[in-house]
Amino acid sequence: MKIPKHLAIIMDGNGRWAEQHHRPRVYGHVKGTRVAKNIIQECSRLGVKYLTLYAFSTENWMRPQAEVAFLMKILRRYLKKETQNLIKENIRFTVIGEIKRLPADVASSVSAAMVATEKCNGLNLVFAISYGSKQEITNTVKLLAEKIAAGEMTADQIDESTIQSHLSTAGTPDPDLILRTSGEQRLSNFLLWQAAYSEFYFTNQLWPDFTVADLKTAFEDFGNRQRRFGKVAHKNEITLN
Ligand code: FPP
């Protein structure tokens, strides 16, 4: 089993799970939150350094208002109940996404949790909330254009590392492994730039059914991948005769 330094998860399938159990969609989110808590704890225990969870996408604002309100309630409750546990487990909590769009009290709970855990140096837990990768890249382009307009830099000075360091994930290594549950095999506007060389792991299981054992299976699979980052594995392999 190989432990990725940075694991990113698209926790998908809460709604379908609830439907299968003849319960309202929001019940799937409640169950999904419990699973997220177990997975966070296990990642911390296993020594994952960064865990990014896609908790709410920019597009999720278009869900029925009652479901959005419920997801906000879950976040509010999670932050209130879990901040002390995060500190106890030495987990640093940060967020990527448009925090300004969140209800004011949720946004301030997010900030409070970030401040409360800023000295923790175990697992870095990143919630992607109101996050969309195209929006993130657009903001980065705007920011750089403004810097150029203000004479702070020139266009020639822009290289990949300039962009990397202006994304909301600045300072975080790109994900080694991106896991998505529920059988969908797409990124859905998640970490598009950062996923350039990520390994992908898809499972048919719905997020509320995902277990710590499944996480370990994913890590086993990840351990068998050969990551070449566009290069060849052994330089001497190629002969020209
Ligand atoms: C996708 O399932 C899930 C979401 C949009 C929300 C994910 C949020 C949680 C699991 C709660 C996590 C929150 C914390 C505080 C850790 P879906 O509703 O898109 O499922 P479906 O595709 O089956 O409809």
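The shown structure was predicted, so the numbers you read here are calculated from the model rather than taken from an experiment. As the structure lists them, so they are numbered: ligands from 1, and atoms in each ligand from 1.
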Charged N to carboxylate O below 4.0 Å: is that the case for Glu98 and Lys100?
no
Check ligand 1 against Ala55 and write out every atom of the ligand that is under 4.0 Å from a heavy-atom position of the residue.
6 (C), 7 (C), 8 (C)
Are any of the heavy atoms in Phe127 under 4.0 Å away from ligand 1?
yes
Determine, step by step, whether Thr94 and Leu125 satisfy the side chain to side chain contact (heavy atoms under 4.5 Å, CB included) criterion, reporting the C-alpha distance in whole Å, the side-chain angles of both residues, the deciding distance to 0.1 Å, and the verdict.
CA-CA 6 Å; Thr94 53; Leu125 172 64; over 6 Å; no
Any idea which atoms of ligand 1 are less than 4.0 Å away from a heavy-atom of Ala36?
16 (C)
How far is atom 4 (C) of ligand 1 from its nearest protein heavy atom, and which residue and atom is that?
His29 CE1, 4.0 Å
Any salt bridge linking Asp176 with Lys5? Criterion: basic side-chain nitrogen under 4.0 Å from a carboxylate oxygen.
no
Under a heavy-atom criterion of less than 4.0 Å, does Arg25 contact ligand 1?
yes
Atoms in ligand 1 with a heavy atom of Tyr78 nearer than 4.0 Å:
15 (C)
Nearest neighbour in protein (non-hydrogen) for atom 11 (C) of ligand 1
Thr33 OG1, 3.4 Å
Heavy-atom proximity to atom 17 (P) of ligand 1 ranks first, among Arg16, Arg63, Glu67, for Arg63
Just to verify, what does Glu19 make a side chain to side chain contact (heavy atoms under 4.5 Å, CB included) with, not counting sequence neighbours?
none
Using a 4.0 Å cut-off to any heavy atom of Gly15, which atoms of ligand 1 qualify?
17 (P), 18 (O), 20 (O), 21 (P), 23 (O), 24 (O)
When hydrophobic residues are tied together by side-chain contacts of less than 4.5 Å, even through go-betweens, does Leu53 share a cluster with Phe202?
no
According to the interplanar angle, ranging from 0 to 90°, do the rings of Tyr131 and Phe190 count as parallel (below 30°), tilted (30 to 60°) or perpendicular (above 60°)?
perpendicular
Among Ile10, Leu75, Asn60, Val68, which one puts a heavy atom closest to atom 5 (C) of ligand 1?
Asn60
Report yes or no: do Thr169 and Gln194 form a side-chain donor-acceptor pair below 3.5 Å?
yes
Could you tell me which atoms of ligand 1, counted from 1 in the order shown, lie closer than 4.0 angstrom to a heavy atom of Met11?
1 (C), 2 (O), 3 (C), 10 (C), 12 (C)
Tell me every residue that passes salt bridge (charged side-chain N to carboxylate O under 4.0 Å, His left out) with Asp221, counting only those two or more places apart in sequence or in another chain.
Arg225
Should the pair Phe229 and Tyr197 be assigned to parallel (<30°), tilted (30 to 60°) or perpendicular (>60°) ring geometry?
tilted
At what distance is the nearest protein heavy atom to atom 10 (C) of ligand 1, and which residue and atom is it?
Asn14 ND2, 3.3 Å
Polar atom proximity, Trp207 to ligand 1 (N or O, under 3.5 Å)
no
